[in-house]
Structure formats: C-alpha cells, structure tokens
2 protein chains.
Amino acid sequence: MARRTTIYDIAKELDITAASVSRALNNNPKISESTRKLVIETAAKMNYKQNKLALALRSGKSFNVGVIVPRIDSNFFASVIRGIEEELYGHKYNVIICQTHEDEKREFENINTLLNAQVDGILMSVSSISSQDFSVEIDRIIKRVVEKNVPLIFFDRKKSIEGVSSVTINDFEVSYLATKHLIEQGCTRIAHFKGNQFLEIFKNRFDGYRQALIDSGIEFDENYVIETRSTIVEGANAVKTLMKLKSPPDAIFSSGDFAALGAIQQLKSDGIRIPEDFCVVGFGNEPFTDFMELPMSTVNQVPLEMGKMAAKVFLERINKTGNLKASNQVVLTSELKIRESSLRAEVYK
Amino acid sequence: MARRTTIYDIAKELDITAASVSRALNNNPKISESTRKLVIETAAKMNYKQNKLALALRSGKSFNVGVIVPRIDSNFFASVIRGIEEELYGHKYNVIICQTHEDEKREFENINTLLNAQVDGILMSVSSISSQDFSVEIDRIIKRVVEKNVPLIFFDRKKSIEGVSSVTINDFEVSYLATKHLIEQGCTRIAHFKGNQFLEIFKNRFDGYRQALIDSGIEFDENYVIETRSTIVEGANAVKTLMKLKSPPDAIFSSGDFAALGAIQQLKSDGIRIPEDFCVVGFGNEPFTDFMELPMSTVNQVPLEMGKMAAKVFLERINKTGNLKASNQVVLTSELKIRESSLRAEVYK
DNA sequence: TAAGTTTGCGTAATCGATTGCATTTTTAAT
DNA sequence: ATTAAAAATGCAATCGATTACGCAAACTTA
C-alpha cells in the first residue's frame, strides 16, 4: 500500500517543519506568503489529502453524525435519511447509518457504537418498545448521551426527555383530521389500527382519532381499536377480527400504510366495496398508496423536510456552544392526502 | 462537557501506566490476572469507553466503510444498503452513506471525502454518466483508489476496471428471459426503454432484449428503442412517441419500473387494454409493482442479497492481505416476476 | 545605530490508544 | 541462598494533525 502523504512528507521535501506546513494549509496568518505558496504547490504535487482521523482526534470533532432508524428500507426512513444527508452535505458532515430492526438491544449497541466512534451528534427514531423495563433502560442510556453533551435529536418516533430536541409531525391533529374526514364521508363506525402505545407518535394518532369521534358525538368503542404492526398480514388479520363483530365497522383509520393495505386486500377478497361500503385511510404515504388499484388515502409525513429539519436542529445545536440545555421541539405540518379509498361520491354519503 | 474517561484516567486511579491498562483491556498476555481484573473493574466503574478514533489513527483501520449511491430513497438502493449494514454489523464495521444524485461531481467529492475519512473500503454504484469526458475522469479517480489499495466494490452499476470487484445480477440473461416471455405471450412488436448506455447494466439489458428478438427470428427495430430515465413522466412520454409510429408496438420491456408505470398509466388513459392489447414488463421490483391495479411484471434484482454479497466480498478482501490484486466478480441470479401486466389468458395469444 | 515591534518559523505538547524494548519483580530450580 | 528464567510493568515512540510558546531575523522608528 503506497503510504499516503502526510504533512511530514511535505515538510521534509521543503526542508521546513510540519508546523509550517500545517499553518500554510490552514490559512494561519503566522506564515509568509512565499512559504504558503510553496507548500500549497508541493501539497498538490504530492497529492496530499488531510487525514480527518488525526484531525478528529486532535480537535474532538469527527464531522460524523450517527443516524439510528429501525430499518432503512422503508420509504419513510430512507427519505428522512436522504433529507439529513442533503442538509449536512454542505456542512461537511458525514452520515453513519445504524439499523435497530425494532430491537432494543440493538438500539443500545448502536448508541454505544456511535459514541465510541466519537460522532458529533446522534439523530434517531426510537424503536418499538416491547416492555416498560426496556423503556426505562433506554431512558438511562439516553440520559448518558445527554450528560456527555452529545447532541441528540429525535425525529418522528420521539421520547420526551429533558434536554433532547425533536422533530415530529402533528400526529394528533392530522389523525383528528383524518377521522373527521371519514365521518364527513358518512362513516359512523370507524375502527383504528393503533401502533405500539409506548411510542408517542402512535399514542397521539390514537388520541387524535378518539378526540375526533368524541367531538363529533360518536361513541368511542374499544372493540374498534386493534393494535397492529404495520404489515400486510397483520392488517388483514385485524380486519378479519373486526368484521366478526356484531356490529362491524364501516371504516378504518390505520396508523400505518401496510396494515391498511392488508385490510383493503382482505376486504376486497370478502367482496366488500371500497369506498362505497367501507372507507380506509392509512398513514405514511408510501409510494404504493398512489399506484394501487384504488389509490389509498393516507398522511404524508413530509419525511424529506423532517430529515432536513432534524439536520438543521443539529447544526444549530452545534453552533451555539453556550446555552447548552436549550432543546428545540419542532413540529412539522403533515398533509392528509385524500384519495379514492375514502372518497365517496355524494350519492353514497 | 464531562470529559470522557481515557486509559490514562484509569491508570492514574490505579497508580499504574496506561500501557498496562491497555494490555489489561486487550487480552494481552503480558499482564497479571490480578491487575487485569482490577483494571476491568475500574474501567467499568469509571464507565470507560474505548475511543475508536485514537485506535483508528494508530492502527490505520477506521472500521468504517463508505457506501456511495445515486440516492438512498429508492427501494432498490435502500435495500442494498440494508443488506450491507446487516452483513457488516456482526463484523463491527459502520456504514457511511453518500448520495451523488446522479451527479459526477458529487461522485468525485464523495470518493475523496471517504478517502480522507480513512474508510476501510468503498462500496459503490456508479452514477449515470453524462459524457465520455466524465467517464474518463471517474476512471482516473477510481484508479487512484485502487492504487491506494483501498478495497473498492461496485454493486449493480459497475464499471469494468482491473482490480475492482463487483456484485451484479445477470442483467443480460434476465432481460433475455423477459423478452422471450413477452414473445411467448404472443407479442411481436416489442419495444424497449433503455437506460443510460454508459452504464453496463443498461447496456446488458438492451443487449439481452435484442438477442432474444434475434434468436426468436424477430427483426430488431431501432424505432422501438427509446432511452428514458426511469420516471413516470418520461415513461408516459416515451410511450406516446411509440404509439405514433406507423406500426406501434404491442409490448414494452422497460429497464426501469417507474418508466413502465408511466407507460401503463398513459396506455390506460388511451383506452388500451393491458395485457390483452399490450404487455409490459418492468425492471426493479419496486414495492408498488405488486400493489397496482394491474400487478406489474418485473425483475427482482435481489437487492438484499446484493448488499450482503457486496459486504462479504469486502470482508474477504480485507482478510487476505496478500494476493491483493485478485478481484472478484460476483453475478447473482435475479428473478423474473411474471404478473398480470404481461400474462395473457390463452385465448389472447 | 539602538531599541522596539513585527514577522516567520521551529520546538514540543496534545488528542487516546497500542506496542517493541528495557527494566523490574516474581517464581522456580539448584 | 543464589541464579536463571519467566512474568509483569514501565518507558517511549507512533499514528497525523494543530497550536501555544519562544526565539531569531527583519523591519521600524527616532
């Protein structure tokens, strides 16, 4: 391996010291113009490239940020990461990706790995939490991150922890709107696929749904609420359960697109007409929702904006060394996309 | 910022030297059991975490690999990255993500950034190339990477460069199969949406398509081949052009799913029946292809396997220090997924 | 020309960990 | 008890860059 040129190599070449080379390359005023020119030329000639590792060790800044997501191959997370990368690119930061696969253990490991790698910040979306015990443990390690003063920014799946910034969408409001929309379409028995209630976003979606019912004078019925992960299979199973009720629902507001898709597939194979007999609204605006046989109503979580905003919050935090405890809770406005799966012709209402 | 504990802190605490602490923590045999125990306990108590930056500087191994993709928010690339991350996770490597947005300039920049960050390897899918000049320039910088002996592995969008490993799919063969399939369905005037011909994968897809025609005794007609990027708009426009021909085609084999989708949408709005009047096969197996009104035939590029394989090739390369020049060209078998957009009932053939 | 000021550059410490070599301590053998 | 061998530990260099400090040369100014 041809060893890479260092400032010492340049120094030797010019018979000066590495210190001068460093100064020449860093716009340090304590160097003569002539030497600077010489160094810069020689550096170019020798194809010198600064070793960021050495710089990072010395300066304490690695110019890497860690991003922790449950998985990367979902449109939402991939888009958020795209946003983060784009925003940070101009600021010379690199993005290190970690996946948890919704596994809390992996979450600890990832946080530790990133801290050991001396990242300058961590942007994360927390994993589904399987138990209160884990929740407590995660809180503990997160507090360690905060104590170390490593900027931590949650996006989407946040936890409310003092001193930690977050970027989320208006889950409650948009869920409220979605449910209201179903009511306006004439639906009266609206079911909900709720997500893991340890996660605030899913709690908020559930709350928004319930509040909309209450405000519309519709009785809230627990039997219409099923906890599902957002997969086609679980959505199909959930809707099967629902349709066995004495008084089955006539609409679903799902907290995830895939569960909604599973429900639609199941309903169709049962001969139920959508949207005439049954309306469905999903959540996430996965690309497929727009290309389906029946385009699905859903919520656009503005992932690109979310990623960019999370990156911006990180950059702000980095740039004000004082005022360390200030945390920043950004709430973006999401977009209810009404499509055919929940849009009834007037005659059906 | 509470400074992180270092081995020197532990050394001071126990009144020994950092060297001994290091040995104790690294299973070095030149240390007594008693000291080792003491050090390990104290390290735990003081919440010591190894600084990977210092280790990387000293050892020359950063345990980071760079991944360069045109964009991360496509199902294909996101899945490949997932595969890479999963495979490398167990080997303690981290993944740094870079996007080029199909911009050659960004591609240079990203390669340089990664080299400066001292990554232990680069896995990349090259960007669309806008001109021969750029192609030459990219070749030059890639050769620099090879000279520096930094492992470089192409996946999917490879370039043929000596000493560089690659993981691809059998683009020619599967395109041949897809075209043959269309012929078997009774299609006789098969068009092709080809991609950027500077990229081998698109060239291979085109060649596979053409060879299948020739081998089936169908005349190859240049007018049936249109270069498009894989977007809905370009696909729709391309099919408009095709349908204006004196003898319009009765099938399309598209080198991308989105262009195929655009074509289908356009054909439908023109009242053309699919698959009865017109068959379409895409490429990429984007999730939406399975959830469309008419599920689309396409090619599953096995991105997860591709990512894992690329990571494996990297690991192999790392682990054999000798035999440096050996490169590894892995070709995975992709899967033609025949769905309704190209599957005619017997009566129509 | 003497004194003070500025400029340019070298010396050496630092970031945190590892490791070859030297030295000390312990153990074993006679 | 003596000595050799073995084990444990310390010393100091190293990875590559930055920077406070100090010294010497050059430049001002009177």
Side-chain angles (χ1 to χ4, degrees), chain A residues 1-40 42-43 46-64 92 115-120 148 150, chain B residues 1-40 42-43 46-64 92 115-120 148 150:
Chain A
M1 168 139 31
R3 211 174 54 74
R4 308 170 49 115
T5 36
T6 70
I7 52 171
Y8 295 92
D9 300 325
I10 300 174
K12 193 179 287 177
E13 181 76 17
L14 296 177
D15 203 24
I16 56 179
T17 62
S20 294
V21 175
S22 175
R23 281 189 277 256
L25 294 171
N26 287 286
N27 277 349
N28 187 312
K30 291 152 138 357
I31 191 93
S32 73
E33 261 322 305
S34 56
T35 325
R36 159 166 298 136
K37 242 188 105 185
L38 208 58
V39 168
I40 289 174
T42 313
M46 298 176 74
N47 196 27
Y48 168 77
K49 291 280 154 52
Q50 189 187 46
N51 184 328
K52 299 286 181 193
L53 238 43
L55 181 61
L57 178 59
R58 160 88 211 209
S59 70
K61 281 195 73 169
S62 67
F63 275 95
N64 287 146
K92 305 290 179 197
L115 289 179
N116 297 352
Q118 312 292 120
V119 293
D120 294 341
K148 282 184 201 294
V150 174
Chain B
M1 167 137 34
R3 210 176 53 76
R4 309 172 49 116
T5 34
T6 70
I7 52 172
Y8 294 92
D9 300 324
I10 300 175
K12 192 180 287 179
E13 181 75 17
L14 296 177
D15 203 23
I16 56 180
T17 62
S20 295
V21 175
S22 175
R23 281 189 274 256
L25 294 172
N26 286 287
N27 278 349
N28 188 311
K30 293 151 122 21
I31 192 93
S32 72
E33 262 320 306
S34 55
T35 322
R36 160 167 296 135
K37 245 190 99 184
L38 208 59
V39 168
I40 288 175
T42 313
M46 299 176 74
N47 195 27
Y48 169 77
K49 292 278 155 51
Q50 189 190 45
N51 184 329
K52 300 285 181 191
L53 238 44
L55 181 61
L57 178 59
R58 162 88 214 211
S59 70
K61 281 195 72 170
S62 67
F63 274 95
N64 287 147
K92 306 290 180 197
L115 289 178
N116 296 352
Q118 311 292 122
V119 293
D120 295 342
K148 281 183 201 293
V150 174

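Chain letters run A, B, ... following the sequence lines, proteins first, then strands; residues in each count from 1. Fair warning: this is a prediction, and the values are worked out from it, not measured in the lab.
With C:dC9, D:dG16, C:dG16 as the candidates, the nucleotide lying closest to the side chain of A:Thr6 is D:dG16. Side chain of A:Ser22, nearest nucleotide from D:dT9, D:dC15, D:dT19: D:dT19. Out of C:dC9, D:dT9, D:dG16, the shortest distance to the side chain of A:Thr35 is found at C:dC9. Between D:dA17, C:dA17, D:dG10, one nucleotide has an atom nearer to the side chain of B:Ile16 than all others, and that is D:dG10. When the nucleotides C:dC15, D:dA17, C:dA17 are ranked by their closest atom to the side chain of A:Leu57, C:dC15 comes out on top. Of all nucleotides listed (D:dA17, C:dG10, D:dC11), D:dC11 comes nearest to the side chain of B:Thr17. Out of C:dA17, D:dT9, C:dC9, the shortest distance to the side chain of A:Ser20 is found at C:dC9. Here the side chain of B:Lys30 is nearest to one of C:dC21, D:dG16, C:dG10, namely C:dC21. The side chain of A:Ala19 lies closest to D:dT19 when the candidates are D:dG10, D:dT19, D:dA17.
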Carefully, step by step, assess B:Ser62 and A:Leu53 under the rule side chain to side chain contact (heavy atoms under 4.5 Å, CB included).
CA-CA 8 Å; B:Ser62 67; A:Leu53 238 43; 4.3 Å; yes
Go through B:Lys49 and A:Leu115 one step at a time and tell me if the side chain to side chain contact (heavy atoms under 4.5 Å, CB included) criterion holds.
CA-CA 8 Å; B:Lys49 292 278 155 51; A:Leu115 289 179; over 6 Å; no
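Judged by distance alone, the side chain of B:Asp9 and the main-chain N or O of B:Thr6 form a donor-acceptor pair under 3.5 Å.
Proximity of A:Tyr48 to the phosphate of D:dA17: a side-chain N or O atom is located under 4.0 Å from OP1 or OP2. Phosphate proximity of D:dT9 to B:Ser32: present, with a side-chain N or O under 4.0 Å from OP1 or OP2. Contact between the side-chain N/O atoms of A:Ser59 and the OP1/OP2 oxygens of D:dA17 is not found at any separation under 4.0 Å.
In this structure, A:Lys12 places its NZ atom 20 Å from P of C:dC9, rounding to the nearest Å. Atom CG in A:Asn26 sits about 17 Å away from atom P in D:dG16, given to the nearest Å. For A:Lys52 and D:dG16, the NZ to C1' distance is 13 Å, given to the nearest whole Å. A straight line from CG of A:Asn51 to P of D:dC15 spans 12 Å, rounded to a whole angstrom. Taking atom CD of A:Gln118 as the reference point, atom C1' of C:dA17 lies 11 Å away to the nearest angstrom. In this structure, B:Ile31 places its CD1 atom 13 Å from C1' of C:dT19, rounding to the nearest Å. Between the P atom of D:dA17 and the CG atom of A:Leu25 lies a distance of 9 Å, rounded to the nearest Å. Atoms CG (B:Leu14) and P (D:dG10) sit 10 Å apart, rounded to a whole Å.
Annotation for B:Val119 and B:Val150: closest pair O-CG1, 4.2 Å, computed over non-hydrogen atoms.
Heavy atoms of B:Lys49 sit under 4.0 angstrom from primed sugar atoms or phosphate atoms, though from no base atom. Contacts of B:Ile7 with the nucleic acid, taken as non-hydrogen atoms under 4.0 Å apart, include base atoms.
In this structure, NZ on B:Lys37 lies 15.0 Å from CD1 on B:Ile31, to the nearest 0.5 angstrom.
Residues A:Arg36 and A:Arg23 are not in side-chain contact: their nearest non-hydrogen atoms beyond the backbone lie 4.5 Å or more apart.
Residue whose closest nucleotide on DNA chain C sits further toward the 5' end, between B:Leu53 and B:Arg23: B:Leu53.
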